[in-house]
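Encoded as structure tokens, the structure appears first; notes follow it.
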Amino acid sequence: TQPTKLFGLSSVFGSLSRRLKSFSGDDDLDRISKLQDEISALEKVSTRLYIELDDLVAAKEDIEFSKTLKGRLYFLLGCFFSLYCVYKVFM
């Protein structure tokens, strides 16, 4: 009778341990899901930051170019052709 009691206890403990593992498994799956969502969100933020940084670098290059002689000539030509277009529209 002793082995059957142990077998009965082991089946109860086995059942409990399986249930505990299933709870921890669900918890792990929830954690994995949350981490994947967080990774996805952080990748989107990273992409946005890269795009903004690229825009800032381009703006800085435009500002530096506008300080050169060639940049100033382009600006003056742009102003001239803008005025010329306005003249052509009204005349």
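Note that the numbering runs from 1 along the sequence shown for the chain. Remember, predicted model here, so these are calculated numbers, not experimental data.
In this structure, F81 and Y84 have perpendicular ring planes: the angle between them is above 60°, well past the 30° mark.
Annotation: side chain of L53 is not in contact with side chain of L49 (no heavy-atom distance under 4.5 Å). Between V57 and E61 there is a side-chain heavy-atom pair separated by less than 4.5 Å. Side-chain contact between F90 and V86: present, with at least one pair of heavy atoms (C-beta onward) separated by less than 4.5 Å.
Atom CD of E38 has 12 or fewer heavy atoms from other residues, nucleotides or ligands within 6.0 Å.
Annotation: side chain to side chain donor-acceptor pair (under 3.5 Å) contacts of R31 (sequence neighbours excluded): D27. In this structure, F75 has no ring-ring contact (aromatic ring centres under 6.0 Å, His included) partners at least two apart in sequence or on a different chain.
With hydrogens and angles ignored, the 3.5 Å screen pairs a side-chain donor or acceptor of S82 with a backbone N or O of G78. Of the possible donor and acceptor atoms, one in the side chain of T47 sits under 3.5 Å from a partner among the backbone N and O of E43.
The distance from the CD1 atom of I32 to the CG atom of D37 is 12.0 Å, given to the nearest 0.5 Å. How far OH of Y74 is from SG of C79: 15.0 Å, rounded to the nearest 0.5 Å.
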